[in-house]
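One structure is given here, and the rest of the page talks about it.
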Amino acid sequence: FRYFPMAGLTIAFKDYNFTDGIWGSPWVGLDNFEMLFTYPMMLNILRNTLVLSALQIVVGFPFPILIALMIHEVRTRWFKKTVQTAVFLPHFLNWVIVGGIVVTVFSQETGIVNYIVKHLFGEPYAFLYRPGSWMSIFVGAGIWKSAGWGSIIYLAALSAVDHSLYEAASLDGANKWRQLWHVSLPALRPVIFILMILSIGNIMEVGFDQVYVLQNSVVSSVSEVISTWSYKSGINGGQFSLATALGLFESLVGLLLVWTANSIARRFDHGLW
């Protein structure tokens with residue numbers, strides 16, 4: 001399912017059409033790549049992809065760690081289970097549902113947030129139609145949906161920590177903050193490095209569902225990314241060779257980023273290989 005379909009990457013080097021098929025379509029070499037990088041909007045699309053991915057990593061990456069640390073410190077069993085359920089639940093919602101919730105909450109006319117803003121300041125604010133606020137909502141929605149589920153891996157790592165380490169730290173006079181810093185975080189360090197490497201490898205892959213359900217034509221200057229352009233121009237527009245060429249470029253950049261991130265992590269003895 002992963003390797004055999006790679007044969008289809010030859011479409012990136014052909015002028016693909018349904019009549020001739022993958023192998024019969026005429027070979028054009030690097031013409032599709034040349035056409036891509038001379039496309040007027042491509043630089044902006046690549047910039048949007050990198051900016052949104054970087055925001056998701058920089059802003060969103062610490063949240064699963066924080067959630068795991070906080071849940072781990074809860075001692076009341078029923079409260080712990082309630083919190084876990086509440087933060088894990090959004091992961092099981094489809095992005096169409098999450099997008100509908102976000103649009104309803106931040107709607108300029110009927111949204112609950114603008115209802116409050118209107119009462120406080122007199123005028124509603126177009127949260128979903130301003131580039132800055134749209135990007136903030138995009139990142140925030142992603143954190144709300146995935147942070148709880150992402151914390152499971154960190155909770156599993158914390159559950160393996162020997163409780164005698166916390167007891168020894170407590171006897172030495174370490175408060176909760178010191179125990180987190182000197183016991184919990186060092187235990188999470190290998191997992192953090194691995195997940196960071198994988199996140200950097202996906203920096204060119206902004207989730208299609210999330211962007212597609214939240215974007216609109218007003219903020220297309222910051223919301224049009226590789227995945228949405230490939231869908232609109234590649235599938236809907238019938239430009240399969242261009243979409244495949246862009247996907248191949250995206251994968252090669254991701255491979256380079258994973259290799260670079262792993263090389264850095266190996267200096268700290270936490271590389272993937």
Side-chain angles (χ1 to χ4, degrees), residues 50-93 95 98 135-207 210 254-273:
L50 290 172
V51 168
L52 291 178
S53 290
L55 283 174
Q56 285 181 316
I57 293 174
V58 173
V59 180
F61 191 82
F63 276 87
I65 302 172
L66 294 173
I67 291 173
L69 290 172
M70 288 189 289
I71 291 176
H72 182 68
E73 291 299 319
V74 176
R75 294 293 175 261
T76 306
R77 190 175 180 83
W78 68 267
F79 182 72
K80 185 174 185 176
K81 287 185 174 293
T82 303
V83 172
Q84 282 181 310
T85 302
V87 297
F88 294 169
L89 184 61
H91 171 77
F92 299 99
L93 299 178
W95 263 114
V98 174
M135 292 171 70
S136 300
I137 291 171
F138 172 85
V139 175
I143 293 172
W144 178 71
K145 186 178 187 301
S146 61
W149 183 257
S151 66
I152 290 176
I153 299 174
Y154 298 109
L155 280 170
L158 288 171
S159 66
V161 178
D162 191 345
H163 282 280
S164 64
L165 295 175
Y166 292 104
E167 294 172 1
S170 179
L171 290 173
D172 288 339
N175 56 25
K176 283 294 182 183
W177 291 109
R178 287 293 181 182
Q179 291 176 33
L180 287 175
W181 185 259
H182 293 289
V183 180
S184 299
L185 285 177
L188 293 178
R189 191 178 300 144
V191 179
I192 291 173
F193 270 95
I194 291 172
L195 293 182
M196 177 59 77
I197 291 170
L198 296 176
S199 297
I200 291 174
N202 292 325
I203 198 169
M204 295 290 286
E205 299 180 12
V206 181
Q210 182 180 359
L255 177 62
L256 178 62
L257 289 172
V258 167
W259 181 83
T260 304
N262 186 71
S263 298
I264 296 172
R266 285 176 63 184
R267 297 177 180 273
F268 301 92
D269 298 323
H270 292 298
L272 282 175
W273 65 86

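Side chains included, hydrogens not; waters and symmetry mates left out as well; all remaining heavy atoms used.
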Side chains of [X] and [Y], heavy atoms from C-beta outward: is any pair under 4.5 Å?
{"X": "Met196", "Y": "Ile57", "result": "yes"}
{"X": "Met70", "Y": "Val74", "result": "no"}
{"X": "Ile67", "Y": "Val83", "result": "no"}
{"X": "Val51", "Y": "Met135", "result": "yes"}
{"X": "Phe61", "Y": "Ile192", "result": "yes"}
{"X": "Ile71", "Y": "Leu158", "result": "no"}
{"X": "Ile197", "Y": "Val258", "result": "yes"}
{"X": "Pro90", "Y": "Trp149", "result": "no"}

Exam field: side chain [X] to backbone [Y], donor-acceptor pair closer than 3.5 Å:
{"X": "Ser263", "Y": "Trp259", "answer": "yes"}
{"X": "Ser159", "Y": "Ala156", "answer": "yes"}
{"X": "Asp162", "Y": "Ser164", "answer": "yes"}
{"X": "Gln210", "Y": "Phe138", "answer": "yes"}
{"X": "Ser151", "Y": "Ala68", "answer": "no"}

Over all heavy atoms of both residues, which pair between [X] and [Y] is shortest? Give the atoms and the distance, please.
{"X": "Tyr166", "Y": "Ser184", "value": "OH-OG, 2.7 Å"}
{"X": "Leu93", "Y": "Lys145", "value": "O-CE, 2.9 Å"}
{"X": "Ala54", "Y": "Ile203", "value": "N-CG1, 4.3 Å"}
{"X": "Val161", "Y": "Leu165", "value": "CG1-CD1, 4.1 Å"}
{"X": "Ala174", "Y": "Gln179", "value": "O-NE2, 3.1 Å"}
{"X": "Leu188", "Y": "Ala157", "value": "CD2-CB, 3.7 Å"}

> Should we count CZ of Phe63 as having more than 12 external heavy atoms under 6.0 Å?
Replying inline: no
Can you measure from [atom1] ([X]) to [atom2] ([Y]) and round to the nearest 0.5 angstrom?
{"X": "Leu66", "Y": "Tyr154", "atom1": "CG", "atom2": "OH", "answer": "10.0 Å"}
{"X": "Leu195", "Y": "Ile200", "atom1": "CG", "atom2": "CD1", "answer": "11.5 Å"}
{"X": "Leu198", "Y": "Leu257", "atom1": "CG", "atom2": "CG", "answer": "12.5 Å"}
{"X": "Leu155", "Y": "Ile65", "atom1": "CG", "atom2": "CD1", "answer": "11.5 Å"}

> Can you list every side chain to side chain donor-acceptor pair (under 3.5 Å) pair that touches residues 61-84, not counting sequence neighbours?
Replying inline: Glu73-Lys176
